[in-house]
Enquirer: 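Quick one: structure below, then a few questions.
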Protein chains: 2
Amino acid sequence: MESTAKDTLRNHGLRPTPIREKVWELFNNASKALPNKELEMQFENIDRITLYRTLKAFEEKGLIHKIDDGTGVPKYASCHDDCADGHHQHEHVHFHCLNCLSTTCLEDVQFPKIDIPPGYLTENTSIVVNGRCANCQN
Amino acid sequence: MESTAKDTLRNHGLRPTPIREKVWELFNNASKALPNKELEMQFENIDRITLYRTLKAFEEKGLIHKIDDGTGVPKYASCHDDCADGHHQHEHVHFHCLNCLSTTCLEDVQFPKIDIPPGYLTENTSIVVNGRCANCQN
DNA sequence: ATCATACTTGCAACACCGTTGCATTTATAA
DNA sequence: TTATAAATGCAACGGTGTTGCAAGTATGAT
Ligand SMILES: [Mn+2]
Ligand SMILES: [Mn+2]
Ligand SMILES: [Zn+2]
Ligand SMILES: [Zn+2]
């Protein structure tokens with residue numbers, strides 16, 4: 001059985017509220033990463049600060065992860081893996097379409113190992129592939 | 001023989017001015033990527049807008065490239081390769097040290113090929129490795 | 001060397017966004 | 001039901017990208 005929005009929020013130490021439930025639903029149904037603006041548009045009127053804090057809380061609790069695709073506009077996507085409190089575990093390639101400007105998580109793409117010179121220590125790696133997505137071919 | 005700052009600027013279609021020459025020198029002598037603030041500090045008083053436009057011009061003319069290391073603070077580094085007017089050709093790994101917060105270009109690190117699903121078209125790829133740089137080991 | 005012209009610089013101004021404080025409202029559990 | 005802690009809405013501040021415009025400067029021609 002599906003776990004409800006309420007359950008998921010409680011399981012991550014967040015009080016379920018109408019806004020949070022809806023935001024969680026939006027991420028759950030999204031096939032691409034969502035910027036603040038796109039989330040705001042789904043509400044009659046929502047305070048941008050409230051949304052800001054909602055996203056911050058979601059990120060801290062491991063419900064979503066923030067994606068910097070190089071556009072300067074932060075986007076967010078749900079964490080499929082179980083991410084611990086404040087520590088994200090997933091490392092996957094992100095794709096940014098230069099045509100439709102959508103950013104998606106490519107969870108199944110093989111994540112390469114980068115051979116860093118001796119002396120350097122790798123903690124985590126961010127990879128963004130820019131190009132044309134499958135929906136944007138003529 | 002070394003090409004002077006004046007020469008380089010002229011060769012890239014930019015009028016040599018005191019500010020531009022100094023900015024170019026700073027990039028030329030830097031061993032890491034430089035954020036606006038760090039550049040500003042090297043001047044007695046420089047208008048942030050002038051610096052902004054200088055960096056924009058340098059980037060457009062292929063003198064420097066902008067690096068988004070995920071911190072939200074843009075940094076710039078000189079283009080070693082010859083980058084065409086408005087079109088950068090170099091693709092290399094960037095390293096961001098979580099300790100000293102410096103970002104460096106790893107031009108010699110092998111750039112991996114990412115196997116994107118069919119239907120996708122790759123234009124360019126951005127890779128940022130986060131960790132601890134060689135100078136930050138105990 | 002002088003000068004007209006185009007480019008560069010400095011300053012004001014605006015928009016956007018991240019962030020925080022605080023008062024009010026809402027969720028939770030006693 | 002009620003006391004308490006948390007979430008929300010609003011104001012406000014700071015940083016920064018961006019543009020317009022006037023004044024200063026580099027350049028090439030005279
Ligand atoms: Mn992702
Ligand atoms: Mn670089
Ligand atoms: Zn697309
Ligand atoms: Zn370091």
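Lettering follows sequence order; numbering is per chain, from 1. Quick caveat, the model's predicted, so the values are computed rather than measured.
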Enquirer: So what does B:Lys56 touch, heavy atoms closer than 4.0 Å: a base, only the sugar-phosphate, or nothing?
Expert: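 The residue B:Lys56 makes sugar-phosphate contact but no base contact.
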Enquirer: Taking all heavy atoms of B:Ala77 and all of B:Ile67, pick out the closest pair and write down the distance.
Expert: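 Scanning both residues completely, I find the closest heavy atoms to be CB-CD1, 3.9 Å.
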Enquirer: I'd like to check the side chain to side chain donor-acceptor pair (under 3.5 Å) partners of B:Lys6; sequence neighbours left out, ordered by chain and number.
Expert: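 B:Lys6 satisfies side chain to side chain donor-acceptor pair (under 3.5 Å) with B:Glu21 once adjacent residues are dropped.
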Enquirer: Ignoring hydrogens and geometry, is there a side-chain-to-backbone donor-acceptor pair from A:Glu91 to A:Thr125 under 3.5 Å?
Expert: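 Such a contact is found between A:Glu91 side chain and A:Thr125 backbone.
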Enquirer: Are more than 12 heavy atoms, taken from residues, nucleotides or ligands other than A:Asn29, located less than 6.0 Å from that residue's CG atom?
Expert: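 More than 12 heavy atoms, drawn from other residues, nucleotides or ligands, come within 6.0 Å of this atom.
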Enquirer: If a protein heavy atom is under 4.0 Å from the base, mark B; if only from the sugar-phosphate, S; if neither, -; do that for nucleotides 6-15 of chain C going 5' to 3'.
Expert: BBSBBBBB--
Enquirer: Would you check if the side chain of B:Lys22 reaches a backbone N or O of B:Phe43 as a donor-acceptor pair within less than 3.5 Å?
Expert: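 Answer holds: no.
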Enquirer: Going by side-chain contact (heavy atoms from CB on, under 4.5 Å), name the residues that satisfy it together with B:Leu121, two or more places apart in sequence or in a different chain.
Expert: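 With neighbours one apart ignored, the set is A:Arg132, A:Gln137.
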Enquirer: Shoot me the first and last contacting nucleotide of DNA chain D against chain A, ordered 5' to 3', at under 4.0 angstrom to non-hydrogen atoms.
Expert: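 Going 5' to 3' along DNA chain D, contacts run D:dA5 to D:dA12.
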Enquirer: Hydrophobic side-chain clustering at under 4.5 Å (ILVMFWY, transitive links): who's grouped with B:Ile114? Put none if nobody.
Expert: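 Other cluster members: A:Val93, A:Phe95, A:Leu106, A:Val109, A:Phe111, A:Ile114, A:Ile116, A:Tyr120, A:Ile127, A:Val129, B:Val93, B:Phe95, B:Leu106, B:Val109, B:Phe111, B:Ile116, B:Tyr120, B:Ile127, B:Val129.
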Enquirer: If I take atom CG in residue A:Leu51 and atom C1' in nucleotide C:dT20, what distance separates them, rounded to the nearest angstrom?
Expert: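 Taking CG of A:Leu51 and C1' of C:dT20, I get 17 Å after rounding.
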Enquirer: Could you tell me whether the side chain of A:His94 reaches within less than 4.5 Å of the side chain of A:His65, counting heavy atoms only?
Expert: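 Side-chain contact under 4.5 Å: yes.
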Enquirer: Does any part of the side chain of B:Phe58, heavy atoms only, come nearer than 4.5 Å to the side chain of B:Arg20, both counted from C-beta?
Expert: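 Contact flag for B:Arg20/B:Phe58 side chains = yes.
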Enquirer: Answer yes or no: is there a donor N or O on one side and an acceptor on the other, between the side chain of B:Asn11 and the main chain of B:Asp7, under 3.5 Å?
Expert: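 Yes, the answer is positive, given that a donor and an acceptor are paired below the 3.5 Å cut-off.
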Enquirer: Using every non-hydrogen atom in the two residues, find where A:Pro74 and A:Gly72 come nearest and quote the distance to one decimal.
Expert: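 Residues A:Pro74 and A:Gly72, closest heavy atoms: CD-O, 3.3 Å.
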Enquirer: Angle, rounded to 10°, between the helical axes spanning five pairs at each terminus of the helix from C:dA1-D:dT30 to C:dA30-D:dT1?
Expert: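 Axis angle across the helix from C:dA1-D:dT30 to C:dA30-D:dT1, nearest 10°: 30°.
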Enquirer: Base, sugar-phosphate or nothing for B:Pro74? Non-hydrogen atoms, less than 4.0 Å.
Expert: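 Sugar-phosphate, no base atom in range.
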Enquirer: Please state how far atom CG in A:Asn36 lies from atom C1' in C:dC16, giving the value in whole angstrom units.
Expert: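 That distance rounds to 12 Å.
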Enquirer: Applying a 4.0 Å non-hydrogen cut-off, can you work out what B:Lys37 is touching in the nucleic acid: base, sugar-phosphate, or nothing?
Expert: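 The answer is sugar-phosphate, as B:Lys37 gets under 4.0 Å only of primed atoms, P, OP1 or OP2.
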